[in-house]
Participant: 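Right, I'll just put the structure down here and ask away after.
One-based numbering, in listed order, for ligands and for the atoms of each.
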Amino acid sequence: MPIHILLANPRGFCAGVTRAIGIVEHALEKFGTPVYVRHEVVHNQFVCDNLRAKGAVFIEDLSEAPPGSALIFSAHGVSKAVREEAAQRGFKVFDATCPLVTKVHLEVDKMRAQGREVVMIGHAGHPEVEGTMGQSEEGIYLVEKAADAEKLKVSQPQALSFVTQTTLSMDDARHVVAALRQRFPDIQGPHKDDICYATQNRQDAVKALAAHCELVIVVGSPSSSNSRRLREVAASLGVAAYLVDSSDELDPEWLAGKHHIGVTAGASAPENLVAQVVERLRHLGQGTMSELAGVEENVYFNLPKELLAAGEGKRQRSEG
Ligand code: SF4
């Protein structure tokens with residue numbers, strides 16, 4: 001029996017990723033090579049290799065770039081200390097931090113200005129978490145799971161707030177928030193959580209996809225938090241689920257006995273990789289393909305105006 005391939009909607013690039021890639025490309029056009037980027041601008045190997053080939057140099061430590069160079073902060077955001085160090089070293093800085101991550105940084109500022117302690121729900125070591133935790137010199141408590149919330153000790157339980165990483169599993173975050181509220185009844189947070197529209201829409205879409213499939217393939221890099229969450233959400237619904245960076249990683253054995261194959265992509269995975277995965281699946285399983293209907297996204301973030309050519313800003317704004 002031939003396979004049927006079903007594509008999730010929405011999938012792939014979000015507005016923050018589109019903007020971050022656009023910032024690197026415009027900086028390369030404006031300043032020539034090299035342009036330095038602190039950390040992978042978005043967590044996708046194909047995207048970063050492509051930008052590297054055009055002249056972007058990815059660094060982890062600012063000392064790796066000569067003072068005065070063009071420097072871009074990745075979509076995940078940076079701590080205040082990194083921002084200050086970049087200013088001291090005299091870089092021409094362009095900030096590709098997603099505006100939805102900046103919104104969380106501003107929430108931290110406001111909470112601290114009100115004298116509140118802050119708990120961050122997120123994954124230790126992820127650059128977005130490091131950047132957000134680095135918005136408060138006094139420190140932020142990190143909790144990754146409900147069990148951490150149950151053990152957490154704070155100095156000011158009556159003046160406590162929480163923020164979340166933007167790319168968490170919605171279901172996991174709900175459990176951690178509930179555990180925090182149980183432990184600290186006065187805790188305040190954003191209306192629901194800080195999980196961004198793109199993460200929510202892609203998780204809802206993969207749930208709808210998994211309901212029709214026996215196997216789900218998520219296109220995305222292992223470093224991509226939101227891509228890993230998509231695989232986990234599909235697997236939690238009882239279907240086989242794999243994360244692949246490209247069509248080369250598809251294992252034909254995964255298809256054994258499977259007739260309905262779902263495909264989706266994390267927020268940093270380009271559509272051409274999805275097309276290659278679909279093509280290889282069709283080849284392996286002589287399959288047909290259709291697409292699920294889903295939420296239409298029309299979010300657009302403008303590029304910094306210093307990077308836009310004359311006239312381009314007007315065009316970009318009218319499209320926004
Ligand atoms: S996944 Fe969400 S927070 Fe991250 S870049 Fe995309 S829109 Fe911004």
Participant: Would you say the side-chain atoms of S290 and H4 include a donor-acceptor pair closer than 3.5 Å?
Facilitator: yes

Participant: Taking V119 as the starting point, is it possible to reach V101 by hopping between hydrophobic residues whose side chains are less than 4.5 Å apart?
Facilitator: no

Participant: Looking just at side-chain N and O atoms, do R229 and S225 make a donor-acceptor pair shorter than 3.5 Å?
Facilitator: yes

Participant: Quick one: name the protein N/O/S atoms under 2.8 Å from atom 2 (Fe) of ligand 1, chain by chain.
Facilitator: C196 SG

Participant: Answer yes or no: are there more than 12 heavy-atom neighbours, outside E60 itself, under 6.0 Å from its atom CD?
Facilitator: yes

Participant: Tell me whether the count of non-hydrogen atoms from other residues, nucleotides or ligands lying under 6.0 Å of CD in E137 goes above 12.
Facilitator: no

Participant: Going by atom types alone, do D194 and T166 pair a side-chain donor with an acceptor below 3.5 Å?
Facilitator: no

